[in-house]
Amino acid sequence: MALRIYNALSRKLERFRSFDREWVSMYVCGPTVYDHAHLGHAKTYVAMDVVARHLRLRGYQVRYVCGFIDIGRIADGEEDRLVSGARRLGITPTELADTYIWSFHDDMDALGVLRPSISARASCHVPRMVTWIEDLIDLGCAYETGDSVYFSVDRFADCGKLSQQVSGMQQANVDLDRGQDKRNPADFVLWRSEDSQTPLRWPSPWGLGAPGSHVACSVMANSYLGRTFDIHGGGLGDRVPHNDCELVQSEAHNSVPSAKYWLLVGDLRVAGQRMSRRLGNHLTIKDALKLYSPEAIRYFLLSRPYRESVDFRRDALQAAQRDVDHLHQTVRHLRRRMQETLPSMGSGTAAFSSLASLPDYREDFCDAMDHDFDTARALGVIFDLVEEVGRTLTADRKASLGTLSTMDKLFRDLAGDVLGILPETVGLSGEGKLVEQLVEALLELRSDHIVARQWSQADAIRSKLDEIGVAIQDGPQDTSWRLKAS
RNA sequence: GGCGACGUAGCCAAGUGGUAAGGCGAGGCUCUGCAAAAGCCUUAUUCGUCGGUUCGAGUCCGACCGUCGCCUCCA
């Protein structure tokens with residue numbers, strides 16, 4: 001089946017066709033880097049990560065550009081957060097941005113979000129933005145006033161087509177103190193000169209100043225992906241006015257359509273409200289990782305289609321943690337069984353054994369993902385597989401190595417490579433091998449006690465291990481164990 | 001005022017016109033020295049309300065009721 005994507009621009013499900021047969025180019029708006037990232041950011045970037053991973057599964061090479069905003073925002077009346085944050089710490093805004101870009105990368109690494117091909121910083125592209133703005137003036141799409149350059153929306157009847165809100169553009173682009181000399185209320189700032197001593201200003205034909213909020217993304221996308229590219233991603237919250245402005249100015253500048261497909265990720269909400277740094281209702285990724293495993297967080301964020309909003313709730317995260325633990329434990333059991341099953345037990349005939357239905361899982365999974373990256377349904381397929389594997393492990397003690405490896409491969413490819421909710425070594429980290437051997441040694445000791453019917457000694461070992469964070473389960477033929485989620 | 005989303009069991013929710021997935025919780029069972037885990041079984045005559053289209057509607061259309069988000073910066 002063909003990959004279909006819901007295009008926020010056409011508001012329709014469209015068959016995906018990239019400009020290039022092999023390469024897919026995508027741009028995703030990055031955060032304004034004045035603080036640590038929170039779970040709301042995680043929702044957007046995990047979603048986009050899964051998009052990129054699924055495209056790779058489908059055989060594409062993906063060029064993924066993420067643009068970080070480190071040039072400050074033009075907002076009168078309030079000091080820029082980069083500037084105020086930097087002053088608080090006694091460093092420059094650029095240093096502050098640097099700190100939080102790396103913090104962002106750390107968090108995303110921890111969540112298993114694969115690095116973008118290119119991480120672009122707006123501040124490195126200011127000269128190019130200046131050229132871009134000059135082009136727009138030459139084209140008659142922008143005009144200078146006393147201390148600003150504005151984009152003129154008048155010639156663009158379809159301005160605001162992404163949000164379908166012309167009035168939204170007007171309201172959103174109201175300038176508070178300045179900008180009375182705008183020709184149209186919906187016009188937006190491309191450049192503003194700065195008299196103040198803010199460190200965030202650059203030279204331009206219009207004097208020292210800063211580029212507008214929207215021009216940075218357009219220029220970064222164009223710099224690395226060309227005038228027109230396949231996918232533009234970002235949070236739904238940026239649609240008005242940011243994405244609308246990006247779209248209209250790019251098409252004005254380049255005379256070609258901007259991105260072919262627009263993917264807008266739904267909000268993460270807390271008690272119904274959008275999670276945001278401003279409202280103070282956010283949970284940083286660093287703090288979330290103290291409570292839940294990275295896979296549980298991904299699972300939670302992917303448990304609804306990316307376009308929809310998700311409510312952050314503790315019990316939902318806890319349920320996600322349980323589900324993911326269940327998955328990991330099943331895979332651990334599976335891998336232990338594989339180790340115990342000798343190849344001589346018929347790996348050659350394995351594929352034809354009791355589980356002829358196994359290939360369906362891959363197909364069902366891909367069908368779900370091909371339908372606008374329906375991760376919710378894809379997770380359902382994974383958990384159907386978990387059940388089937390669980391049944392096989394308990395019921396069919398003679399499952400062949402081939403069958404077991406086929407199952408393991410499905411888990412690796414789908415839950416691991418595409419969804420990123422299955423780490424390479426399940427439940428074991430760096431010193432995993434040593435831990436494993438120590439636990440195995442204790443279990444042997446306990447097993448001796450059990451054979452000798454010395455229940456209290458055996459139970460003492462069990463409860464001590466439990467205290468440390470190792471849960472053990474006696475099976476019909478062996479004892480398995482897992483590290484409990486911390 | 002403008003744009004939009006959503007109302008399905010105690011809770012979270014999937015449902016692409018063809019006779020209500022799944023998960024959590026709860027209850028029971030199997031296994032078991034006891035646990036735990038796992039597996040099995042049970043848990044909505046019904047999808048906010050009222051109309052309409054249809055052989056057939058949770059699904060399409062209309063109206064109404066209700067909840068919520070966005071519209072300064074924000075993923």
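A, B, ... follow the sequence lines: proteins, then strands. Residue 1 opens every chain. Heavy-atom basis, side chains included; hydrogens, waters and symmetry copies ignored.
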OG1 of A:Thr375 to CG of A:Leu301, rounded to nearest 0.5 Å, is 9.5 Å
A:Tyr34 OH to B:C73 P, in whole Å, measures 12 Å
Those residues at least two apart in sequence (or on a different chain) that pass side-chain hydrogen bond (donor to acceptor under 3.5 Å, both in side chains) with A:Asn243 are A:Glu246
| said: Counting C-beta onward and ignoring hydrogens, is there a side-chain heavy-atom pair between A:Trp202 and A:Trp191 closer than 4.5 Å? | reply: yes
Using the C1' atom as the point on both nucleotides, what is the distance between B:C11 and B:G69, in whole Å?
22 Å
Q.
Does A:Gly234 reach a base, just sugar-phosphate, or nothing at all? Heavy atoms under 4.0 Å.
A. sugar-phosphate
| said: With rounding to the closest Å, how many angstrom separate the C1' atoms on B:U32 and B:G23? | reply: 27 Å
Rounded to whole Å, CZ of A:Arg274 lies from C1' of B:C70 at a distance of 9 Å
Aromatic ring proximity A:Phe68/A:Phe104, centre distance under 6.0 Å: yes
TODO: Just call it for A:Asp372: base, sugar-phosphate, or nothing, with non-hydrogen atoms closer than 4.0 Å on any strand.
DONE: nothing
A:Ser103 meets the side-chain hydrogen bond (donor to acceptor under 3.5 Å, both in side chains) criterion, sequence neighbours left out, with A:His36, A:Lys286
Hits for ring pair (Phe, Tyr, Trp, His ring centres under 6.0 Å) against A:Trp102, two or more places apart or cross-chain, chain-then-number order -> A:His105
Give A:Arg446 one of three labels, base, sugar-phosphate or nothing, depending on what nucleic acid heavy atoms sit under 4.0 Å from its own. base
_Does A:Arg11 reach a base, just sugar-phosphate, or nothing at all? Heavy atoms under 4.0 Å._
sugar-phosphate
From CZ of A:Arg307 across to P of B:C6 the rounded distance in Å is 9 Å
P atoms of B:A75 and B:U67, separation to the nearest Å: 31 Å
Protein heavy-atom contacts under 4.0 Å, written 5' to 3' over nucleotides 16-30 of chain B as B (base), S (sugar-phosphate only) or - (none), form the string -------SS------
Note: contacts of residues 44-52 of chain A with RNA chain B (heavy atom, under 4.0 Å) are A:Thr44, A:Tyr45
request  = Can you tell me, in whole Å, how much space there is between the P of B:U46 and that of B:C55?
outcome  = 25 Å
Exercise. Could you tell me whether A:Arg81 and A:Asp35 have a side-chain N and a carboxylate O separated by less than 4.0 Å?
Key: no
Query raised in the report: Would you call A:Arg462 and A:Asp466 a salt bridge, using N to O less than 4.0 angstrom?
Result: no
Taken to the nearest whole Å, CD1/A:Ile450 to C1'/B:A35 is 11 Å
| query | Are any of the side-chain nitrogens in A:Lys464 or A:Glu467 under 4.0 Å away from the carboxylate oxygens of its partner? | reply | yes
Ranking B:C11, B:C73, B:G69 by distance to the side chain of A:Arg81, first place goes to B:C73
A:Asp374 has its side chain closest, among B:A14, B:G15, B:G69, to B:G15
A:Asp325 CG to B:A37 C1', in whole Å, measures 12 Å
Are A:Asp325 and A:Arg322 within salt-bridge range, i.e. N to O under 4.0 Å?
-> no
One should read off an interatomic distance between A:Ser163 OG and A:His242 NE2, to the nearest 0.5 angstrom, of 13.0 Å
(message) I'd like the C1' distance from B:G58 over to B:A13, given in whole Å.
(response) 14 Å
- Message: Less than 4.0 angstrom between a side-chain N/O of A:Arg462 and OP1 or OP2 of B:C34, yes or no?
- Response: no
(message) Students often mix this up, so state it plainly: with edges at 30° and 60°, are the rings of A:Phe188 and A:His214 parallel, tilted or perpendicular?
(response) perpendicular
Yes or no on side-chain contact (heavy atoms from CB on, under 4.5 Å) for A:Met220 and A:Tyr27, after CA distance, side-chain angles and deciding distance? CA-CA 9 Å; A:Met220 285 193 280; A:Tyr27 178 84; 3.7 Å; yes
A:Asp466 atom CG is separated from B:C34 atom C1', nearest whole Å, by 14 Å
When rounded to whole Å, the NE2 to C1' distance for the pair A:His242 and B:C70 reads 16 Å
Judged by nearest nucleotide, the residue sitting upstream toward the 5' end of RNA chain B, A:Asp311 or A:Ile472, is A:Asp311
note: A:Gln273, atom CD; B:A5, atom P; distance rounded to Å ~ 20 Å
Kindly assign one of parallel, tilted or perpendicular to the pair A:His41 and A:Tyr45, based on the angle between their ring planes and the thresholds 30° and 60°.
-> parallel
Quiz item: How far does the P atom of B:G28 sit from the matching atom of B:A35, given to the nearest Å?
Solution: 14 Å
Taking B:C50 as the reference, what is the distance to B:A37 when you measure between their P atoms (whole Å, please)? 44 Å
Under 4.0 Å between a side-chain N or O of A:Ser163 and OP1 or OP2 of B:G4?
no
Taking pairs as Watson-Crick (N1-N3 plus N6-O4 or O6-N4) or G-U wobble (N1-O2 and O6-N3), each distance under 3.5 Å, the stems of three or more consecutive pairs with RNA chain B are B:1-7 with B:65-71, B:10-12 with B:22-24, B:25-30 with B:38-43, B:48-52 with B:60-64
Indicate whether OP1 or OP2 belonging to B:A5 is found under 4.0 Å from a side-chain N or O atom of A:Arg269. no
How far, in whole Å, is B:A26 from B:G10 if one measures between their P atoms?
16 Å
(message) Applying a 4.0 Å non-hydrogen cut-off, can you work out what A:Leu279 is touching in the nucleic acid: base, sugar-phosphate, or nothing?
(response) nothing
Out of B:A13, B:G15, B:A75, minimum distance to the side chain of A:Arg304 belongs to B:A13
